[in-house]
Protein chains: 2
Amino acid sequence: MISSTAQDRRHRRRQETIEEVLDVAVAIMAEHGVAGLSIGEIARRLGIRPPSLYVYFPSKHALYDALFERGARSVLAALSPLQEPPPDGLSLEEYLRRSGAAFIRWSVENPAYSQLLFWRPVPGFTPSPAAYAPATQLVERNQACIAALQRRGAVRSDVDAATVHRDWTILVSGVVSQQLANAPSESFEEGRFTRALDSLVAMFVRHYARPAAHGGTDRAHDR
Amino acid sequence: MISSTAQDRRHRRRQETIEEVLDVAVAIMAEHGVAGLSIGEIARRLGIRPPSLYVYFPSKHALYDALFERGARSVLAALSPLQEPPPDGLSLEEYLRRSGAAFIRWSVENPAYSQLLFWRPVPGFTPSPAAYAPATQLVERNQACIAALQRRGAVRSDVDAATVHRDWTILVSGVVSQQLANAPSESFEEGRFTRALDSLVAMFVRHYARPAAHGGTDRAHDR
DNA sequence: GTCTATATGACGATAGAC
DNA sequence: GTCTATCGTCATATAGAC
């Protein structure tokens, strides 16, 4: 049993070191770009020699894989407070505004992760299924929410939920892509593209929401 | 005069070599990603030694700069047939559909260039003003077209043309970003995101077009 | 188990012979 | 203009001290 606690301590210490390595790696990616990450630079900042890093990660690709999984878990956590079954009285507009804002905020505040996750800028690197799993979960959750809103009558019934979801991901990824490529230093609040979200949600809802029953706020294109 | 023609020939020969180098570089970027470009690989494919390339480009960044300018000129050329002042009877919807399709098609058919131009995946590289000029011209042209359509009465007058242009670039870059990141091997015609263009144009026009005068096809949100 | 020391080969880049 | 030789740095890998 003593050996067990010793193992635990060793294991915990190892995990702490791994987290430290990943933290430094994220900082370097944020400064020099995702492809600008180098083993030597990580070791330099940690005050160790490059070969020591191979104790924790068998290769640079394995390091990228851990970063990918960490990033996917992070964005999943950033979106978890408002996901799964959207609260009952929540309108499509409110759901899109909240989930869109949360995702876009995370993306511009974690540019290194979002580039690694959504742009694939590392030549030979493909994430492992394990690292990819949280990312898949994110997409599925979002798609399930839109489908639920459609069953609830908040979304036009003459279009596939998958199509609505696809178009929504295009809008959101367009905002992120434009903001990060053209003005990466602007904050979420003051970003010239992030501020377009409300306008885009209005446009999207106008096109895809089921028109309200109590009058004619909108009537083209449905049915 | 003889020396002049000799110089011309030398100069032409040099330009041909430069174009050859750039062609090979684009092919490598398409295979291994923009950051996967290497001087050694270019030399290998051209059957020369790496140092010989420094006769034509003083550094790898200068090579990227030439590639950036070449890409910007290429996309500008791909869009030039339908630009500047949009033809008189052309509706907003038709203009967006055509210019959007042309840009998206170029982007998915030239993924290496579009990543270099719009994603900035090379750590220390920033394009020179000369290389950047054609890209600026592209944006200005598009913005001018939207402003012209607004003056002509095809676009709502209660919003800034710059806002309309910003939202349009978000849609288009969203399509490109999603298509290249998730399914880069799909063609423009069969792409699961490129095919969303018509639907997105419809959504966009519904929100931003000035409603037709002859009836009530649409009436919400337009002053 | 974790580190230092050291080796290999590829890279971007420069100097200088031809 | 093209080459050889060379430099410093990188990712990667192995050997061996503690």
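Note on naming: letters A, B, ... go to the chains in the order of the sequence lines (proteins, then strands), and numbering restarts at 1 for each one.
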Regarding A:E189 and A:R195, does a basic nitrogen lie under 4.0 Å from an acidic carboxylate oxygen?
no
Just by distance, with hydrogens left out, do A:R13 and A:T17 show a side-chain donor and acceptor under 3.5 Å apart?
yes
If you draw a 6.0 Å radius around OH in B:Y132, do more than 12 non-hydrogen atoms from other residues or ligands fall strictly inside?
no
Let me know the distance between [atom1] of [X] and [atom2] of [N], rounded to the nearest Å.
X: B:Y64; N: C:dG12; atom1: OH; atom2: P; result: 8 Å
X: A:L37; N: D:dT12; atom1: CG; atom2: P; result: 10 Å
X: B:E20; N: D:dT2; atom1: CD; atom2: C1'; result: 15 Å
X: B:Q15; N: D:dG1; atom1: CD; atom2: C1'; result: 16 Å

Under 3.5 Å, is there a donor-acceptor pair between the side chain of A:Y64 and the main chain of A:V34?
yes
Checking B:I18, B:L53, B:L22 against B:L63 for side-chain contact (heavy atoms from CB on, under 4.5 Å), the one that qualifies is B:L22
Reckon B:R13 has a side-chain N or O less than 4.0 Å from the OP1 or OP2 of D:dG1?
no
To check you understand the geometry: which heavy-atom pair defines the closest contact between A:A35 and A:P121, and what is its length?
CB-O, 4.2 Å
Please list residues of residues 38-59 of chain A whose heavy atoms come under 4.0 Å from any atom in DNA chain C, ordered by number; otherwise none.
A:R49, A:P51, A:S52, A:V55, A:Y56
